[in-house]
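Everything below concerns the one structure shown next.
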Amino acid sequence: MKSAVEKLDPTRVKLTVEVPSEELKPSIDEAYKTISGQIQVPGFRKGKVPNRLIDQRVGRGYVIETAINEGLNGWYQQAIQEAELRPLSRPEVEITEVPDPSATAGDLKFQVEVDVMPEIELPDYEGIEVTVDATQIADDDVTTALDELRGRFGTLVTADRPAADGDFVTIDLTATVDDEQVDAAQGLSYQIGAGTMLDGMDEALTGLSAGEETVFATKLAGGDHAGEDAQVKVVLTAVKDRELPEADDEFAQLASEFDTIDELKEDLKGKAGENKLAEQGVQARDKVLEKLLELVEVPVPASLVSEQVEQHFSQNADADHDTEEHRAEVAKNTEEAFKNEVVLDAIAEKEEVGVEQAELIEYIVTTAGQYGMDPNQFAQMLDQGGQVPMMIGEVRRRKALAVVLEKAKVTDTNGAGVDLSAFVRPAGAGETIDAGDAADAATDPAEGATVEADGVDTTTESSTTETTVGQDEAAEEKPAKKPATRTRKPAAKKSDDAEADEKADAKPARKPAAKKTAAAKADDAADDAAEKPAAKKTTRKPAAKKPVAEADAEN
């Protein structure tokens with residue numbers, strides 16, 4: 001097979017492919033076998049009809065047409081691989097020459113136009129200079145951290161006074177829609193001001209004393225009546241104060257591995273420093289990426305942007321939501337995300353960045369937590385949706401950016417150098433993983449072991465035991481609780497419409513990564529997009545007596 005590539009623009013190419021007669025023959029032979037099993041000819045069993053009778057019944061032109069339809073995808077894939085292209089869109093195929101049905105041999109020629117990943121020239125990213133905010137650990141930082149830790153070990157004590165903001169209360173709820181009870185729960189524990197239950201709940205509870213009740217109007221946030229207007233009767237049965245344990249040596253021994261409160265405070269001070277460094281690291285990372293993109297020009301396929309925009313608004317069908325301004329914003333975010341992926345993928349290739357099993361597992365656990373899902377179920381969902389390669393790509397790009405950040409020169413606003421080595425955490429010499437083993441690594445990292453959410457340290461908080469205040473009173477499921485989910489968006493300033501998008505996308509039942517990134521499209525476009533190439537035009541179409549074949553098949 002011969003193929004040639006013509007670059008139409010930086011992101012679109014035309015492939016000219018020629019399949020000689022000898023390479024086309026196996027497909028024609030296979031087409032004869034296929035048709036032989038579909039038609040009925042008196043005196044012959046299905047699958048045993050001679051080729052000459054098939055030519056008489058349906059015509060050799062139909063056989064050639066079948067062979068081309070069945071083999072086109074394979075020849076296209078071969079041409080893509082030989083040219084080392086990464087498709088981004090569905091190919092448009094034009095068949096320019098087919099074998100003459102009356103001849104015993106003949107070549108097939110066709111052309112394909114397709115959007116591809118652009119080639120870029122990486123700039124010198126050694127020593128990119130960025131400035132971040134100066135940080136200083138204050139006594140208040142340690143005090144705040146200590147109070148948060150004490151709060152985990154606090155106890156609830158009944159108080160004889162009206163409820164106020166921040167109080168823990170025990171309540172009974174009854175929800176009705178059109179005078180019909182649709183939900184009820186008793187003995188719920190809730191902290192006023194938390195905002196984790198129904199809209200209007202905090203205002204309704206504030207000022208109530210034990211034994212008092214009130215009714216307020218709200219929209220239900222879950223269940224069969226989600227989004228409907230409802231009347232909710234709330235009965236406050238108890239008001240409780242949270243008493244914190246004394247910050248002394250005894251508490252330090254209870255809440256940590258330290259023997260004295262001074263040792264615990266020193267550890268919290270170190271943790272506060274790590275948090276400050278993480279804040280500087282995130283700021284430096286974003287600025288380094290911004291400067292990196294200023295140094296390289298990345299062409300963006302217009303078809304990719306329009307496809308993503310249409311997909312976005314088809315999933316969020318709302319007349320007020322679909323505006324020209326909002327479409328421009330989504331298009332801009334898509335372009336920025338694509339540029340990020342192209343540049344970081346190129347850096348990952350240059351730096352030979354791999355993904356280790358532990359890194360993939362950590363990323364899956366963290367992402368699952370953002371969606372409020374069990375890590376094992378989340379990993380299985382990714383595997384079933386074919387999105388594991390996309391996850392690997394995300395981790396690989398993060399590591400590529402870390403390489404650039406490690407080489408950068410970072411100073412704070414006071415002119416002092418900032419050491420981000422602890423934030424960057426260069427990759428070690430661990431075992432890398434590919435897409436074929438990724439799902440197994442996530443759900444079975446160590447011979448039957450399962451992924452545990454606390455098995456990977458994804459926070460900067462101390463590793464002390466955490467006690468949930470009032471947990472025994474919150475055992476029952478809260479009715480119509482708002483889903484605690486988050487969605488990831490391309491790095492950009494959020495408008496009101498963007499925030500509305502996040503709310504619209506925050507559905508735990510949906511696959512969290514349904515929208516494939518450009519890199520993911522490039523990885524699977526050859527298998528997915530090209531599976532059924534869209535033929536643009538055929539200059540010569542084989543003659544076929546198809547109705548006869550169909551009539552025989554029906555008989």
Side-chain angles (χ1 to χ4, degrees), residues 73 77 86-90 117 222 226 304 307-308 310-312 314-317 334 337-338 341 345 348 354-399 431-456 458 483-490 501-533:
N73 180 58
Q77 299 285 356
R86 297 177 64 188
L88 292 174
S89 65
R90 186 180 180 88
M117 188 71 75
L304 183 142
E307 177 187 347
Q308 290 294 311
E310 293 305 322
Q311 183 180 13
H312 174 86
S314 65
Q315 292 179 348
N316 300 284
T334 301
F338 178 79
E341 293 172 11
D345 281 344
V355 177
E356 300 171 15
Q357 289 190 7
E359 293 168 333
L360 177 65
I361 294 171
E362 179 179 356
Y363 185 69
I364 288 177
V365 169
T366 302
T367 308
Q370 293 176 351
Y371 287 93
M373 295 182 62
D374 173 75
N376 294 297
Q377 294 178 347
F378 185 70
Q380 292 172 2
M381 179 186 298
L382 294 175
D383 183 33
Q384 294 171 359
Q387 298 181 28
V388 173
M390 184 174 63
M391 281 289 185
I392 295 177
E394 287 289 335
V395 176
R396 189 166 180 254
R397 282 187 283 274
R398 285 169 174 251
K399 292 182 66 176
E431 180 183 355
T432 59
I433 189 170
D434 57 26
D437 299 328
D440 291 338
T443 58
D444 188 13
E447 297 184 359
T450 55
V451 177
E452 297 293 343
D454 57 358
V456 180
T458 58
T485 59
R486 295 197 325 219
T487 54
R488 295 183 297 110
K489 295 282 183 180
D501 293 341
E502 291 190 356
K503 293 179 180 179
D505 290 339
K507 300 178 181 177
R510 274 180 51 190
K511 295 181 180 178
K515 296 182 181 179
K516 294 189 177 180
T517 61
K521 286 175 177 288
D523 290 337
D524 64 9
D527 295 327
D528 182 24
E531 184 176 352
K532 294 181 180 179

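Only this structure's heavy atoms are used, side chains among them; waters, hydrogens and symmetry mates stay out. No experiment lies behind these values; they were computed from the predicted model shown.
By the 4.5 Å heavy-atom criterion applied to side chains, Thr334 and Phe338 are not counted as neighbours. A heavy-atom distance below 4.5 Å is found between the side chains of Tyr363 and Arg398.
Checking each of Ile361, Leu360, Thr367, Thr366 against Ile364 for a side chain to side chain contact (heavy atoms under 4.5 Å, CB included) leaves exactly one that passes, namely Leu360.
Side-chain atoms of Lys399 do not come within 3.5 Å of backbone N or O of Ala348 as any donor-acceptor pair.
When all heavy atoms of Pro375 and Ala368 are compared, the pair lying nearest together is CA-CB, 3.9 Å. Taking each heavy atom of Val355 and Val395 in turn, the nearest pair found is CG1-CG1, 3.8 Å.
For Gln377, the side chain to side chain donor-acceptor pair (under 3.5 Å) test picks out no residue, with sequence neighbours left out.
To the nearest 0.5 angstrom, Gln380 atom CD is 10.0 Å from Leu382 atom CG. Taking CD of Glu359 as the reference point, atom CE of Met391 lies at 14.5 Å (rounded to 0.5 Å).
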